[in-house]
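Accompanying notes for the structure given below.
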There are 2 protein chains.
Amino acid sequence: MDRKGQIYRYIKTEISRKGLPPTIREIGNRFNISSTNGVRYFLNKLEDDGLIERQNRMARGIRIIDRVPASTGTPVPILGRVPAGKPSFSEENVEDTILLDSSLAKGSGVFAVRVHGDSMVGAGINDGDIAVVKPNPLPQSGEIVVALIEDEVTLKRIIKKGREVILRPENDDYPELNLTKLGHDRIRILGSVLTIIRRFY
Amino acid sequence: MDRKGQIYRYIKTEISRKGLPPTIREIGNRFNISSTNGVRYFLNKLEDDGLIERQNRMARGIRIIDRVPASTGTPVPILGRVPAGKPSFSEENVEDTILLDSSLAKGSGVFAVRVHGDSMVGAGINDGDIAVVKPNPLPQSGEIVVALIEDEVTLKRIIKKGREVILRPENDDYPELNLTKLGHDRIRILGSVLTIIRRFY
DNA sequence: TTGACTACTGCACATTTGTGCAGTAGGCTG
DNA sequence: CAGCCTACTGCACAAATGTGCAGTAGTCAA
């Protein structure tokens, strides 16, 4: 569907696979675009979007512009207990560390927590899953957030309606939490969920 | 002094500076070698030494061979289309590649597919998720497997009861498939699901 | 002195590759 | 129905680039 994005990812993949960017004709070949200008049409768009950069008249002169200097992977700490206030990365709280592709954990300060309970099964998030979280004090309505309620970590979907802020579980067995009524004292939103990871073994 | 080594380092530097390997003439320029064959002479040596690899007739087809596998992560190809038979890692089928921690993708031949449809929502696997798969012709009963049914990739839970082998979707809207009755002709089990990954952005 | 070996030069040539310009089918909007 | 936009096709062309073949100056060893 999103041809432009597909081409962008293809270029990225080729660079990491072959060590050099593809030529216009190689891209055309991959996407069945017989004319070099069909491809150039998209490359221009990608360049306008600031996603790639092109070197004039240079063979394979396509460069991916990464705002995050994508190292091969980001080490992400999995926090066990998250005590009062902000998550602490001190040794005794880090249960494990996994190396995640930058496409799965972009941004700074990213951490992960293990999901406890089944309050989000409706969204396909199960007990034991690992939630990769990006610190974000002001998540958008509809996002899945990680919140600290009375020293307990929970995932909820955040809904903002005018003044009201609601944390909604995706499981009818659990009640909604109205932040506006409860007051924010005991509830702290840590960030929004970037990625869910589940192991089957 | 060590011209060969200097050229090797120049190639390395150019790749990290510009994002693509230099051409023969660019190398010649840098080292005041007026003939392209002066450069080729050294490239051949570097290739004999196993320090670089060259792609035939490809512009800038020089690749640095790094014996140090850098990171703990494994590059896992995400296959787009999986045509008849076994999954093919040929260029046109690889949609993207992600680097996964070895704890998420252990074993050899691991690949990933994008989940289509909602036949496994009951197990918390949604449309669009990425399933990391370990090739495994004989999965255990109860495992979630990736199967190729009539050239279509699907996830199902495999149930073995005595002689019967059943592929069961985790969604009441879909029927069970009894492998024993259907015959294995049109159904091929590719492997078992190691990990599910879901991006939220 | 010869002969090998290293490190190139020089040139022609075929491909590969980027660029320019013109045109067009299909969908959508007014 | 015209006009615009998107996503291309088609072709020519020049520049960039890899390859092949022949030759050579300098060094070093026998």
Side-chain angles (χ1 to χ4, degrees), chain A residues 1-66, chain B residues 1-65 80-81 90-96:
Chain A
M1 329 276 127
D2 176 22
R3 212 100 155 108
K4 191 177 64 173
Q6 284 186 339
I7 289 174
Y8 175 68
R9 278 182 304 160
Y10 171 70
I11 295 169
K12 264 190 149 169
T13 311
E14 282 300 286
I15 291 175
S16 70
R17 263 170 33 90
K18 298 221 192 102
L20 38 72
T23 63
I24 289 178
R25 267 165 260 251
E26 277 166 11
I27 298 171
N29 232 302
R30 168 63 177 75
F31 291 96
N32 290 317
I33 300 172
S34 70
S35 170
T36 51
N37 282 312
V39 176
R40 289 215 291 156
Y41 168 77
F42 285 110
L43 291 184
N44 287 333
K45 294 187 117 195
L46 287 170
E47 192 161 21
D48 287 348
D49 291 357
L51 292 171
I52 62 167
E53 197 179 58
R54 300 191 61 205
Q55 327 263 85
N56 251 343
R57 282 155 203 284
M58 229 183 211
R60 302 172 187 276
I62 303 173
R63 182 196 289 193
I64 295 284
I65 298 179
D66 256 322
Chain B
M1 323 283 120
D2 175 20
R3 211 102 153 108
K4 192 176 65 173
Q6 285 185 342
I7 289 174
Y8 175 69
R9 276 181 304 161
Y10 171 71
I11 295 168
K12 265 189 148 171
T13 314
E14 282 300 288
I15 290 174
S16 69
R17 258 171 33 89
K18 299 220 190 102
L20 37 73
T23 63
I24 289 178
R25 268 166 261 250
E26 278 166 10
I27 299 171
N29 232 303
R30 168 66 175 70
F31 291 95
N32 291 316
I33 300 172
S34 69
S35 170
T36 51
N37 281 313
V39 176
R40 288 215 292 157
Y41 167 78
F42 285 110
L43 291 183
N44 287 333
K45 293 188 116 194
L46 287 170
E47 192 162 22
D48 287 347
D49 289 358
L51 291 171
I52 63 168
E53 198 178 58
R54 300 191 59 204
Q55 326 263 86
N56 251 344
R57 281 154 204 283
M58 231 184 211
R60 302 171 187 276
I62 304 173
R63 183 196 285 193
I64 296 284
I65 296 176
R81 291 162 288 165
S90 68
E91 220 176 290
E92 70 266 25
N93 295 316
V94 176
E95 192 182 288
D96 201 352

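Numbers restart at 1 for each chain; the letters A, B, ... are given by sequence-line order, proteins then strands. Only a predicted model underlies this, so the values are computations on that prediction, with no experimental measurement involved.
Between A:Leu43 atom CG and D:dC8 atom P there is a gap of 12 Å when expressed in whole angstrom units. Regarding A:Asn29, its CG atom lies at a distance of 15 Å from the C1' atom of D:dT9, rounded to whole Å. Distance, B:Asp48 CG to C:dC5 P: 15 Å, rounded to whole Å. As a whole-Å value, the separation of A:Ile27 CD1 from D:dA7 C1' is 16 Å. Atoms CD1 (A:Ile7) and C1' (D:dA7) sit 10 Å apart, rounded to a whole Å.
Side-chain contact between B:Arg25 and B:Val39 is absent, with no heavy atoms from C-beta onward closer than 4.5 Å. Between B:Ile33 and B:Phe42, the closest side-chain pair of non-hydrogen atoms falls below 4.5 Å. Between A:Lys4 and A:Leu46, some side-chain heavy-atom pair lies under the 4.5 Å cut-off. For the pair B:Met58/A:Glu26, a side-chain contact is recorded, criterion being any heavy-atom separation below 4.5 Å from C-beta on.
A:Tyr41 is linked by a ring-ring contact (aromatic ring centres under 6.0 Å, His included) to nothing, counting only residues two or more places apart in sequence or in another chain.
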Heavy atoms under 4.0 Å is the rule here; annotate nucleotides 16-27 of chain D 5' to 3' with B where the base is hit, S where only the sugar-phosphate is, and - elsewhere. SBBBBB------
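Neither OP1 nor OP2 of D:dC8 sits under 4.0 Å from any side-chain N or O of A:Ser34. Listed pair B:Arg3 / C:dC8 meets the phosphate criterion, a side-chain N or O lying under 4.0 Å from OP1 or OP2. Of the side-chain N and O atoms in A:Tyr41, none sit less than 4.0 angstrom from OP1 or OP2 of D:dC8. Under 4.0 angstrom from either OP1 or OP2 of D:dA7 there lies no side-chain N or O belonging to A:Lys4.
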Could you go through the side chain to side chain contact (heavy atoms under 4.5 Å, CB included) check for A:Lys18 and B:Gln55 one step at a time? CA-CA 10 Å; A:Lys18 298 221 192 102; B:Gln55 326 263 86; 4.0 Å; yes
